[in-house]
Amino acid sequence: MDRVHKKLRHTNIYERNVDWGRKGLNPKHNRSQQFYTEHISSHFQRTVINSLNKVMKGNKAKGSFDIRRREASRMRIQEEIHRHVNHGHTLEKHHVLRDGFLVEMRRAVEEGSSLRPILLLGPPGWGKSTTMARLAHLAPSWITGALKVLVCFVGLTGESRNVRLVLQNLCVQLAETYSHHTELSEGLPQLMNEFHSLLGQVRPDRPVILVLDGIDALSEEHGADVSWLSTLLPPHVHLILSATTDSACAHTLQKSAQPTVLSLPPLSPDDITKALEHQLQTDHRRLQDWQWQLLLQACLSCPSPLYLEAVYAESVLWSSFSPQGSLSLPPDLGGLYVGLLACLERAHGEQLVRRAAAVISLSRGGATEEELLDLLGRDEKVLQEVSLSHSSSTSSSSLPRVPCVLWARLRRDLGSHLTEAETDGTWVYRWTHSELGRVCVKRYLKTDDSRMLLHAHYADYFRGTDSQHRNIFQPLAWTLEEGSTKSYVFNLRKLHGLPYHLVRSGQIQAFLSECVFNYEFLLHKAWGLSVLHIQEDLKGVVLPEKESVDMEVLAATLELSRTVLLQDPCQLASQVMGRLGQIVAEDLPVAPGDPQKFSYLHALLAQCARSSLPVLVPSYSFLVPPGEIPHTLLAGHTSIVTALTRGQRGLVAATCDGDGTLKVWDLELGHAVRTLEGLGGVVGDSLTLCLEDRVLVVRMGQNLQVREVDSGKVIYSESDSLDVPVVTTACDGQLLVAFYDGSHLVKVFDLVSSCSLLCCVNITLDCDPIHKDHSVLVSHNSIKDYVLFAYRSGGQAAVLSARGGAVLSVLRAQHGAASIQAVEMTNQYLLLFCRYPYKRDSEIIHIELYSTASFQYQRSILGCSQDYISQVTVNRMGTHAVAFCPSPRTGITQVVTWNLETEDHKHIARFPGILTAGVCLELRFCVGVCSGERYPRLWDLSSRVNDQTLTYNVHKVKSDGTEEVILMGKHPRYAVCKSLRPGTVRVWNLARSRFTGRPVRVEHGLYGNTDVALAHDLKLYILTDRGTATFTDTPSPIFQTLLIYDLIKRSYVRRQSGLYIVPCPQHEYRLLEGQLLLGLSETRNHLILWDLESGYIKGRMKASHTESLLSSSTVRDRQSQIPPNETTALVMPWDRRTESHSAKCRRLEKEDQREKEEQRSLDREKYNSIDQYLLSGDQQVVVCSYFSHHLNVFSVGSQDHLHTLEDRTSLLILHTAALTHLGGHLVLANYCQAQHIPYLTLWDLQKGTVRKRLKNEPGVCCVAITDDASRVAFGVSGCNKLKVWDPFRRNHKTISGYASLRLGGSNQLYITEGGAKAILLAGELSLWDLEACNVLSVLSPDAHVQCLTPLGGDNSSTLLLGLSHSPALIAVRLTSQSQGVAVGTSSRDEDVFAESSSSEDEDEKDSQTHVGLE
């Protein structure tokens, strides 16, 4: 009992007195015994359930789903690190051997160069892990300083066999020590660069030693890549590796890393004798002399620690009375293991031992007890053996067919040879040493077929396909529901094991259908692990050519969406459908009976549309599709990259980040070769490499700094300039030329002579700079000492001789209206990139070429309408010009090229992001930096520069996005989209799946950019013919003509002239029912209703400026309304008590004067112009703001002024406001200037009073309200949260946003489904559950969403997106299991554009696919 008390905690011990009855402790006759039994049973049940719930719930992190997932990932990494540290401590405690070799290792660490690693080699079982653990323990006493020791025992867990996860763990530990705020990547190439970048931050006072044991045990996910260990180490970094002597990894490391190699020696006789005597003494054992000699000689024949441990365990079974000669020991470790297995076969049965050993040996990182028992029962030979030797009286299907006790006995007899370890979130059994696994495979799995069969049984176990074992249930995840929240525990064994065993069993078709192209499997794997694990699965299999097409497309899709899926894997469905929708829709058989190009993608997209998780899915492709040139990320910077330049020699580039750190990259190797720390927090916004890449010029605003690359020494600094220098080089980088933005000053420095000033001149051209900022354009290439420069948007360029400081020639564009956008130079040509503003519709770019010899014009190369040039570069050969064309409007950047000889123009790549800097050394190495990113991108353009399918027609009409989406009230299945290009209108059928992605009607050239076009009931109302009204006192512009275009008839049905409609911005017109047009007057002080049927003004809505409550009350009356704690003057209470009567009168007069002045100011605001107005959904109520302290409410039907909403202390504007559908309530954000408190105010527009107020709500950037005003939702910038306010129930709650949410001033918020959900457009589109207080789904577009229109009715969660880069209309809906209900009205009569389907089957399919759109 005392031993039990020592083993258990006091909370696990339950004591109770039980009466001894006549029949003893019999619960049938003794109630106290019955009560005791029931009580302890229920207590045990509660304890087990609480423990299980604790495991299921885990530590709940606060925040959105992606934040919780990131926190869970961090916790997993920390737990993995602790396992390795604890394992090292355990091994170190048992180290009693090789003290002499440790002295040799210490000498190698202290005397050897820290630039090269130390590689410890030894055969299997020679104690490498124990030696490495002892080294890690002793290292702090060997190396001076606060040494940081990082240990990793590869193979200790399943995760530690993946080189990417090993690198991630090392980088996390390094970042916590040396760069705490660093945000790390997850991809292997980026982790490699970040690993070396973090090592470069190691300081002399805090050195680091990395102890990596068993490098040769890395798995094949990345080909056991050890290239990250092959580069030179920074100072104060020590790297100790261990590997098996004859392993391929050891040979690779010796060739690439050139390490200091130490071979682990065999155990000396003294070590062996000492270890055996120590073990015998510890166990209180003694051996006969002949037994001792037998044991000693066996250890001397195989002097390895593993063999010594194994033979000693064998000797434990000896008895002292065993006759001499009856005992024997094999001479090697393999023979010892064979004998062990033979002994186990005799004790437990040959088939049972064979199967169990094979299952453990072929498992992925180990096998759980459930897997072992199930796979044992799947072997008929095992079952026959068990049935012959152990008869079972029960046949229950809930019990395993191999009794658990048989495995328990076998596990006991395996002893220390079997280890229980934690892998994939559970506990598995595996061999303590891999050598036993190799012996088992050699003994029991001699053929490939036998191994493949066992892998197939493993796969069947995870699939649950064995009909005789239905009790084994392997879901993808277990769900724990608590109210409206769900917690998931993912089945990592299945997510890892199923693809692993399917591939190794040769079941490639099942691998494709059940893993790769199974949406639910992909979702759970990306969710429970990461999308990188999916990509590793795709790379680890060789496929037939037909299936490889689907695999390549899917792999490219996941690569494009990797950044999004790493943040939010639940967007897998939207990302796949958004990139592959059009590709799959166009994959049709050429002829009946022909196969489709894709075998699996069709099924995958169908599964995405039926996602078990509520996600927003698009109806058509709206993301960048696969097929673009892939890019490589150059990771290493710990903050946003701010500048980029290319080298003059070799494939070299340099970058600078927000911390001021400078990095020089070898683009061929793909990583940084030199790092320079920033000086004084200087952050460069422009870089230039000079003097054969030995000197780096850094510009920081108006400051200039010249540094040596090798030493980092500053050789020149300039900080007294008022203008921003624009830097380039000449004479092969020997001369530094600095132009100064906004002035004519030019300085030339001789870098060969320690950056001495060569000349300083003022250069003027015939035209002065047009711009004050970024006015000077310079070429980055140079011929001789020529520098080509120009003034941006000007029509002239000039060639400057840098040595002479004089202009050699002035180059004039071929047309006076030319606007120069960039200049560049090759060996043959001087290039002027010109844009012609008068060709705005086509925006043609002309590249004008001039001779470098004669400076004469040669020819011009045309660009195209898609080119919005920001950065221009020329490859070193001078054959191609490369331009980066970022579009701030769409958020997408294109890379375009021109062949300067053939004049071939290509749009060669496009990608999401706004590129801020780009260079091209060769076509194979094109580098760019995007705004807000830490990773420069590297492209290889050479692979597609000769692809003729990319050749772009320079006269092709630019494809614009959608400006506005208008729903047709009388035709609910149609929507009219106005293009960003004036005159283009598209009509979309929302109910026909045949027309997903293509409009039913497109019209071009209907109106110009000065006209106003409004759509209503499939008619287009065009206000045109702008003229000047002469009947007014001052001439004012007016629209004189109305054109009505019928989109169904495709013709103008009416033209009405003689109108006098005041021009307003497009968004300030409202087309109402009954052909009424609402707009502003010419002075913007009132609203006008025009009757478009007659062309006359139907009415005007003017404010009646009656005396307000504020002006009708006297000063004394208003003072009585002021709360006691608010004073109207800066007079303290003690001053009031001592002031005289005359002083009080003077004070009251001043207060009266101030009040009158404030009232006059408020009265003058009544005559302000209308700043903005809101129209209710039923088009009956209008609320106008005047950038003042009041709002006016009007009735559209009667044109009456209903109320004036006044707030003396707040400026009332409608920029952040929302109106109910019937116009009964208005909610807006306002700031009380008197109290300095922000409010959210709910106004009752029927009474003209404040209904409710929410106090202290700063940063409100968007707001929405339900139709009955019972719920208000609003977004708060800064904290990125959505708040919900129920004003009539006094309920207020906050919903935390997701990690990438950025709320600002241009967001759109809508409440749907009666206040149950909210839709938010804030760069990304998100759907929020306001009842459960969580984010249901997020959709991340590549380009900016131009407009968002929610559909009403039953489909209130269906949205229509107008994109900024594409004319396609995208319908986005939330997947749910309640789909499939047919549309209420889907008759053919409603298809007014003759687009009805040709068959009833397609009609039915259409109506079921687009539920409730009508």
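Throughout, numbering of the chain's residues begins at 1 and tracks the sequence.
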Is the shortest distance from a Lys or Arg side-chain nitrogen in [X] or [Y] to a carboxylate oxygen in the other one below 4.0 Å?
X: R1147; Y: D1152; answer: no
X: E1151; Y: R1146; answer: no
X: R1084; Y: E1068; answer: yes
X: E1324; Y: R1302; answer: no
X: D960; Y: R889; answer: yes
X: E1093; Y: R1054; answer: yes
X: E1155; Y: R1208; answer: yes

Candidate list I1061, I1088, D1091, test side chain to side chain contact (heavy atoms under 4.5 Å, CB included), partner L1077, passing option: I1061
Qualifying residue for side chain to side chain contact (heavy atoms under 4.5 Å, CB included) with W1090, from L1072, L1023, I1097, L1042: I1097
Interatomic spacing from [atom1] in [X] to [atom2] in [Y] - rounded to 0.5 Å:
X: T1241; Y: N1230; atom1: OG1; atom2: CG; result: 3.5 Å
X: L967; Y: L990; atom1: CG; atom2: CG; result: 7.0 Å
X: N1168; Y: S1188; atom1: CG; atom2: OG; result: 5.5 Å
X: I1370; Y: L1348; atom1: CD1; atom2: CG; result: 13.0 Å
X: I1170; Y: C1184; atom1: CD1; atom2: SG; result: 4.0 Å

Taking [X] for the side chain and [Y] for the main chain, is one N or O donor matched with an acceptor at less than 3.5 Å?
X: H1203; Y: Q1246; value: yes
X: K978; Y: T984; value: no
X: R1070; Y: H1067; value: yes

R1154/E1157 under salt bridge (charged side-chain N to carboxylate O under 4.0 Å, His left out): CA gap, chis, key distance, verdict: CA-CA 5 Å; R1154 185 175 63 254; E1157 182 61 33; over 6 Å; no
Which heavy atom in [X] sits nearest to a heavy atom in [Y], and how many Å separate them?
X: A1343; Y: S1364; result: CB-OG, 4.1 Å
X: T1312; Y: A1318; result: OG1-N, 4.5 Å
X: A1264; Y: A1218; result: CA-CB, 4.0 Å
X: Q1179; Y: L1175; result: CA-CD1, 3.9 Å
X: L1228; Y: A1217; result: CB-CB, 3.6 Å
X: G1079; Y: Y1069; result: CA-CD2, 4.4 Å

H1016/E1073 under side chain to side chain contact (heavy atoms under 4.5 Å, CB included): CA gap, chis, key distance, verdict: CA-CA 9 Å; H1016 186 70; E1073 293 291 340; 3.3 Å; yes
Parallel, tilted or perpendicular: rings of H1190 and Y1186 (30°, 60°): parallel
Pairs touching residues 1284-1294 that satisfy salt bridge (Lys or Arg N to Asp or Glu O under 4.0 Å), sequence neighbours left out: R1271-D1286, D1286-R1289
Could you pull out all donor-acceptor pairs under 3.5 Å where a side-chain atom in residues 1277-1285 meets a protein atom, sequence neighbours excluded?
| residue | atom | partner | partner atom | Å |
| --- | --- | --- | --- | --- |
| S1277 | OG | G1259 | O | 3.2 |
| N1280 | OD1 | L1303 | N | 3.0 |
| N1280 | ND2 | L1301 | O | 3.0 |
| K1283 | NZ | E1257 | OE1 | 3.1 |

Can a donor-acceptor pair be found between the side chains of [X] and [Y] at a distance below 3.5 Å?
X: W1328; Y: S1326; answer: yes
X: N1192; Y: H1201; answer: yes
X: S1195; Y: D1200; answer: no
X: Q1308; Y: Y1310; answer: yes
X: E1165; Y: H1189; answer: yes
X: D1163; Y: S1161; answer: no

Could you check whether any side-chain heavy atom of [X] comes within less than 4.5 Å of a side-chain heavy atom of [Y], counting everything from C-beta outward?
X: P1063; Y: P1037; answer: yes
X: L1245; Y: L1205; answer: yes
X: C1262; Y: L1320; answer: yes
X: V1338; Y: L616; answer: no
X: V985; Y: Y1045; answer: no
X: L1071; Y: L1078; answer: no
X: L1325; Y: L1361; answer: yes
X: L1222; Y: D1267; answer: no

Audit row: S1169, D1171, side-chain hydrogen bond (donor to acceptor under 3.5 Å, both in side chains) steps and yes/no: CA-CA 6 Å; S1169 299; D1171 173 57; over 6 Å; no
Trace of the side chain to side chain contact (heavy atoms under 4.5 Å, CB included) decision for D1025 with F1039: CA-CA 6 Å; D1025 190 15; F1039 286 114; over 6 Å; no
Pairing residues for C1347 by the side chain to side chain contact (heavy atoms under 4.5 Å, CB included) criterion, not counting sequence neighbours: T962, V965
Evaluation steps, side chain to side chain contact (heavy atoms under 4.5 Å, CB included), between S1210 and Y1239: CA-CA 9 Å; S1210 298; Y1239 284 94; 5.6 Å; no
Y1096, OH: over 12 other non-hydrogen atoms inside 6.0 angstrom: no
Derivation of the side-chain hydrogen bond (donor to acceptor under 3.5 Å, both in side chains) call for H1225 and D1268: CA-CA 8 Å; H1225 291 83; D1268 59 356; over 6 Å; no
Worked check of side chain to side chain contact (heavy atoms under 4.5 Å, CB included) between Q1056 and T1041: CA-CA 6 Å; Q1056 183 169 345; T1041 303; over 6 Å; no
